[in-house]
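To start, the structure under review is shown below, and the notes come after it.
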Amino acid sequence: MFLLLFCITLFLSCDRNTKDEKEEIIVLSENTTGNDSTTVSLSLLIGENHDLLTDHYWLLTDARHLVDRSISTIDWMGPMTPRIIFYKLEIPSGSILYQERLRKERFSFMYQTEELNKLRVLENTFFSGIYNFEFNTNLTNFALKGNNIPYGTHERVGQQASFEYPLVGIWGRLPALTEYRLVDLTGCLYYMEIDKEILYFAIREGTYLLKQIDDRTFETVSAFPDGNLRLEVTSDRRMLLTPLFTLPDDEEGILGQLELFRNPFRISDFDEHDGPF
C-alpha cells in the first residue's frame, strides 16, 4: 500500500513539473513587447547547433502598428510574403569580403581567397557558386563567368577607387550599375538573406552581414548606409527589424518596422524543391 501511494505521489509531481515547464515556454513565446526582462535571449535562440535561428524560415510582416495603431498595415499573402533566412558565416580566414549592390535594389556578398581571379558568393537563394573574372591590363574592365556561363564584360564607371583592391568601385552601364565596396567581417558569425523585394518598403532584398550587439540584438555591418538595420529578439518566435537609415529626397519607400515570425517547420525537413511556402 505504501509503495502504491509513493508511486502516485511521484507521478503527480512529475506531471506538475511538466505543466510548469510548458507554461513557462508559453509565457516566453507570448511576450513580444521586447521590454520585459524575461524576453528570450539570442543565446537561447541560437543554442549550440544554431537550429532555431538557421533551420527555420522567418516570415516578415508589417509591424508599424506597434508604434502607431492608426496605421493601416500592408499584408503579404502566400508566395508574396518576404522571408528571412539565417546562415552561419563560414569563409576561410584572411578572405577579402566585398559587399555588392545592384542599383539600389539588392545587396549580396562575395569574397576572395588566395585565388584572386575567383569571386565566391556567400550562399543565398539567388545565386551560389564561384565567378571567374579577369581584369584587362589597365584595370578598366573585367570579364565575368559563373557556372560556365559568360556574363559579359564590365566597364569601370568613374575613377579607380583602390589599386590594392581593383574590384572596389562602380561597374557596368546605366541603369544596371553594380558597386563593390570592402566590408569588415570582424566579429560577425552570421548573415541573413531577405529573399525577395519587400513591396513599398525601403529595406532592400538580399544578404546582410550580422554582428551581435548584446544578448538580444544584432545589427548589420554594411559599407552602404542603406544597408544598416537592427534586429531585436522579442521572443523565441519573433523579432523586430528596424531600418537605421534615411532616404534621399528623390527616393520613395516606407522606413517602418517589420516583424519576423519563425515558421514552425524546419528547413532541413524538406527537399530543396519543396517547402511549407
Passing option when Tyr98 is tested against Arg181, Gln112, Glu179 for side chain to side chain donor-acceptor pair (under 3.5 Å) = Gln112
NZ/NE/NH1/NH2 to OD/OE distance under 4.0 Å, Glu232 and Arg230 = no
Contact list for [range], test salt bridge (charged side-chain N to carboxylate O under 4.0 Å, His left out), sequence neighbours left out:
{"range": "residues 143-168", "answer": "Glu155-Arg173"}
{"range": "residues 119-144", "answer": "Glu115-Arg120"}
{"range": "residues 57-77", "answer": "Asp62-Arg64"}

Where do Asn136 and Asn138 land on the side-chain hydrogen bond (donor to acceptor under 3.5 Å, both in side chains) test, with the steps shown first?
-> CA-CA 6 Å; Asn136 66 348; Asn138 57 3; 2.8 Å; yes
The single option from Tyr165, Phe163, Phe142 passing ring pair (Phe, Tyr, Trp, His ring centres under 6.0 Å) against Phe135 | Phe142
Do Arg237 and Phe261 meet the cation-pi criteria used here (NZ or CZ under 6.0 Å from the six-membered ring centre, within 45° of the axis)?
-> no
How about Gln99 and Ser222: does a side-chain donor come under 3.5 Å of a side-chain acceptor?
-> yes
ring-ring contact (aromatic ring centres under 6.0 Å, His included) between Tyr191 and Tyr87: does it pass, once the steps are laid out?
-> CA-CA 5 Å; Tyr191 65 100; Tyr87 301 88; 4.8 Å; yes
Of the non-hydrogen atoms in Ser95 and Thr113, which two are nearest, and what is the gap between them?
-> OG-CG2, 3.9 Å
Considering all heavy atoms, the nearest Leu229-Pro243 contact = CD2-CA, 3.8 Å
Relative to the ring of Phe107, is the ring of Phe224 parallel (under 30°), tilted (30 to 60°) or perpendicular (over 60°)?
-> tilted
Side-chain donor/acceptor of Thr220 to backbone N/O of Gly227, under 3.5 Å = yes
